[in-house]
Amino acid sequence: MTHLSYTRGPQDKPLLAMTIGAAFDDTVRRFPQREALVVRHQGLRFSWAELSEAVDRCARGLMALGLQPGDRLGIWAPNCAEWCITQFASAKVGAILVNINPAYRLNELEYALKQSGCRWLICADAFKTSDYHAMLAELLPELPGSTPGQLDCVRLPELRGIVSLGAEPAPGMLGWQALQVGAEQIPADALAARGELLQFDDPINIQYTSGTTGFPKGATLSHYNILNNGFMVGESLRLTEQDRLVVPVPLYHCFGMVMANLGCLTHGSTLIYPSAAFEPLAVLEAVAEEKATALYGVPTMFIAELDHPERPRFDLSSLRTGIMAGATCPIEVMKRVIGEMHMSEVQIAYGMTETSPVSTQTAPDDDLERRTCSVGRTQPHLESKIIDEHGRIVPRGQIGELCTRGYSVMLGYWNNPEATREAIDGARWMHTGDLAVMDDDGYLKIVGRNKDMIIRGGENIYPREIEEFFYTHPAVADVQVIGIPDDKYGEEIVAWVKLHPGHSATEQDLRAFCQGRIAHFKVPRYYRFVDEFPMTVTGKIQKFRMREISVEALRLPVAG
Ligand code: AMP
């Protein structure tokens, strides 16, 4: 019988059957004096006991606002201590935290707040070029004249109030400090009693998926979903209370709030936030000065750190492990992270928001080839299968759509049963939309998104393969390959190339480099030299934008 592309992860380590609040209290009991959180750009440090005090005070403050289990609480802020405190506090209160992308502008903010029916929003005052207070003033003209908690506005009828993290809350907003003062109204045992009511299968988090097209969908995740995913990710990294993790990835995304915050929470490890948003220099400084043992990042973050001109002056030798994930992890970049950043045990993780997020991960004892070329094997307690267009499991070695099943699959998309049915089938398999291939030992490789596959003259071309090839060119720092419409071949290949500083390469050089090394039909027809790629805040490259820009720049249709 053919060996089918189906695997199941090991089951020896039991899943945590508890709420996030219970897991938090457990860690506080075990490691009260150890460092829990360091926020370098705010100059803040908390032991687990101190963090517990801050979390419980905030939780009581949220109860004083009237937040009930199941109510939605939005958070719209870059990385900061208050984000982490709010995450754990809302979990203790049972309020569903709605992560709002710090880069969202008015329309997207309104959509997320309305779609999730947020009762309260905690927000920063400004971030980069976004003036949050000004945007809220536009969205909610009723705000300045209202009393916090009694907001009544036309566009967001369910919203009751706004807590500002800024030093000066705008009129009608409650300040963060005032929220803490409000905690006095709620005794500690009321919070404990609230904790008793909560169930680990309750929804506790809504994350709007980056969604390259259409409206974002709110992946709804339970305590069980995300606590266990954070736990299993940390187990794979062999985290202990001795570990110190630098977190440059955004907290509003599951890479930050699950893999980092809950990964450390379940192991008593220290979280270190280097900056409000990604800055390569701040990461290098944080690793060296905090003697970090672990570092997370999407591939483009690692590339920026590796290529930073000041990197040689930092001692990164305390690093042991970490995770690269979120997008295709180029083999050459993995090798440099191992060799030049001392992350000998660095792992690749693969997953998506809808699966809490991690579904597969490499292991420290995998050989170098598998640690750099695959996304590892199926995570504990999960199942993976690869199917063809008819939904049948394909033989090992054959490309198809990857599906995931198990504890990590989201409860569904918030208030969107139709989209939920499209994503999760009757047998609870989440259809990822990613194309993958499984080898005989169960290692998976992601070869692209279903929709990113290029079909040129009838040949199926996987951009990943061409990208990996270009990474072996000494002048190429980063590369992304896309398909654009073409009259003759259906699609033509475009490569966007970012060169290493101080290096040069022309279109002709790159074409010549391909000659005889990759099949002629895979050689990109067009090249575009760039300093950056259109990206989401989570470092996900927006290939659809690249397509639009390329089509526009090339003024298609072109002669075949
Ligand atoms: P998000 O829901 O924003 O986390 O995006 C999930 C998507 O990111 C997946 O469906 C994949 O397309 C991509 N992705 C995540 N991790 C990896 C990885 N290690 N290799 C390739 N693609 C990845």
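Residue numbers start at 1 and run along the sequence shown. Remember, it's 1-based here, ligands and their atoms both numbered in the order they're listed. Since we're looking at a predicted model, the values are computed, not measured. The basis for the numbers below is simple: all heavy atoms, side chains too, and nothing from hydrogens, waters or symmetry mates.
Residue contacts with ligand 1 for Asp434 involve side-chain atoms from C-beta outward but no N, CA, C or O (heavy atoms, distance under 4.0 Å). Looking at Pro357 against ligand 1, nothing comes within 4.0 Å, counting heavy atoms. By the criterion of a heavy-atom distance under 4.0 Å, the side chain of Ile348, and not its backbone, is placed next to ligand 1.
Atoms of ligand 1 lying under 4.0 Å from any heavy atom of Gly326, numbered from 1 in the order shown and given with element: 8 (O), 13 (C), 14 (N), 15 (C), 16 (N), 17 (C), 23 (C). Applying the 4.0 Å criterion to heavy atoms of Thr328 picks out, from ligand 1, the atoms 20 (N), 21 (C), 22 (N).
At least one N or O atom of Thr353 sits closer than 3.5 Å to an N or O atom of ligand 1. Inclusion of His253 in the set of residues having an N or O under 3.5 Å from an N or O of ligand 1 is warranted. Taking only nitrogen or oxygen atoms, main chain and side chain alike, Ala349 reaches within less than 3.5 Å of ligand 1. When only interatomic distances are considered, the shortest N/O to N/O separation between Met352 and ligand 1 does not fall below 3.5 Å.
Phe88 and Phe24 have tilted rings, their planes meeting at an angle from 30° to 60° on a 0 to 90° scale. Using cut-offs of 30° and 60° on the angle between ring planes, the pair Phe200 and Tyr224 is parallel. Ring orientation note: the planes of Tyr407 and His381 are nearly perpendicular, at an angle over 60° on the 30°/60° scale.
At least one side-chain heavy atom of Arg428 sits under 4.5 Å from a side-chain heavy atom of Ile424. A heavy-atom distance below 4.5 Å is found between the side chains of Ile482 and Ser550. Counting heavy atoms from C-beta outward, Met341 and Phe302 have side chains that approach closer than 4.5 Å.
Taking a 4.0 Å cut-off on heavy atoms, Val375 registers as neighbouring ligand 1.
The main-chain N or O of Asn79 is found under 3.5 Å from a side-chain atom of His41 such that the two form a donor-acceptor pair.
In this structure, the ring of Tyr104 has its center no less than 6.0 angstrom from the ring center of Tyr208.
The residue among Cys329, Ala325, Ala436, Ala327 with a heavy atom at the shortest distance from atom 18 (C) of ligand 1 is Ala327.
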